[in-house]
Amino acid sequence: MKDLIINKGRDGNEVFPFIKLNVKSGVCMISGSSYMQDPREFFKPVIQWFREYTSSIKGKLTMIYDLK
């Protein structure tokens with residue numbers, strides 16, 4: 001399993017948050033602004049990462065949210 005880092009930034013009129021999910025430390029950070037047309041599609045790999053982490057690693061998770 002690998003860390004997940006999404007740093008898409010700004011794409012036209014849409015704004016995407018910075019996401020860093022760390023396998024080794026269990027620290028999960030989501031920060032910035034989140035104004036996109038299809039949040040389900042954007043967060044799909046994040047949900048998949050959490051599913052895989054909780055089924056295979058089963059470690060402690062620390063969530064850090066700083067959404068504006």
Side-chain angles (χ1 to χ4, degrees):
M1 179 167 194
K2 296 181 180 181
D3 294 346
L4 177 65
I5 299 173
I6 301 173
N7 188 15
K8 202 169 175 183
R10 191 172 182 90
D11 183 21
N13 291 332
E14 296 181 308
V15 178
F16 303 91
F18 172 77
I19 297 175
K20 183 175 183 182
L21 310 177
N22 187 296
V23 173
K24 188 174 180 180
S25 68
V27 174
C28 304
M29 181 174 61
I30 301 175
S31 64
S33 297
S34 182
Y35 302 102
M36 76 261 324
Q37 289 184 9
D38 192 357
R40 278 186 195 213
E41 192 62 34
F42 178 80
F43 284 103
K44 199 179 276 188
V46 175
I47 300 301
Q48 182 59 40
W49 188 93
F50 280 117
R51 285 186 178 143
E52 186 177 342
Y53 186 91
T54 57
S55 67
S56 63
I57 305 295
K58 298 182 183 177
K60 182 179 177 181
L61 289 172
T62 302
M63 303 301 296
I64 302 169
Y65 294 103
D66 185 23
L67 291 172
K68 296 168 177 55

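Keep in mind that the numbers below use all heavy atoms, side chains included, and drop hydrogens, waters and symmetry copies.
Across all their heavy atoms, R10 and V15 have their closest contact at NH1-CG2, 3.0 Å.
Residues M63 and L4 are members of one and the same hydrophobic cluster, defined by side-chain heavy-atom contacts under 4.5 angstrom among Ile, Leu, Val, Met, Phe, Trp and Tyr. If you chain together hydrophobic residues whose side chains sit under 4.5 Å apart, V23 and I30 fall into the same group. Under the 4.5 Å side-chain heavy-atom criterion for Ile, Leu, Val, Met, Phe, Trp and Tyr, F42 and Y65 are members of the same hydrophobic cluster. I6 and L67 fall within the same hydrophobic cluster, where Ile, Leu, Val, Met, Phe, Trp and Tyr residues are linked whenever their side-chain heavy atoms come under 4.5 Å apart, directly or through other members. Under the 4.5 Å side-chain contact rule for hydrophobic residues, F16 and I19 share a cluster.
Interatomic distance, M36 CE to E41 CD, rounded to the nearest 0.5 Å: 11.0 Å. E52 contributes atom CD, which lies 11.5 Å from atom CG of L21 (distance to the nearest 0.5 angstrom). Between the CG atom of D38 and the NZ atom of K44 there is a distance of 8.0 Å, given to the nearest 0.5 Å. To the nearest 0.5 Å, the span separating CD on E14 from OG on S34 amounts to 10.0 Å.
In this structure the side chain of C28 never reaches within 4.5 angstrom of the side chain of Y53, judged on heavy atoms. Side-chain atoms of Y35 and N13, non-hydrogen and from C-beta on, never get closer than 4.5 Å to each other. At a threshold of 4.5 Å between non-hydrogen side-chain atoms, the residues F18 and I5 count as touching. Looking at P17 and F43, their side chains come closer than 4.5 Å, going by heavy atoms from C-beta outward. A 4.5 Å side-chain heavy-atom check between F50 and L61 finds at least one atom pair inside the cut-off.
Listed for the W49 side chain is a donor-acceptor partner under 3.5 Å among the backbone atoms of K2.
The neighbour count for D66 CG, taken as heavy atoms of other residues, nucleotides or ligands under 6.0 Å away, is above 12.
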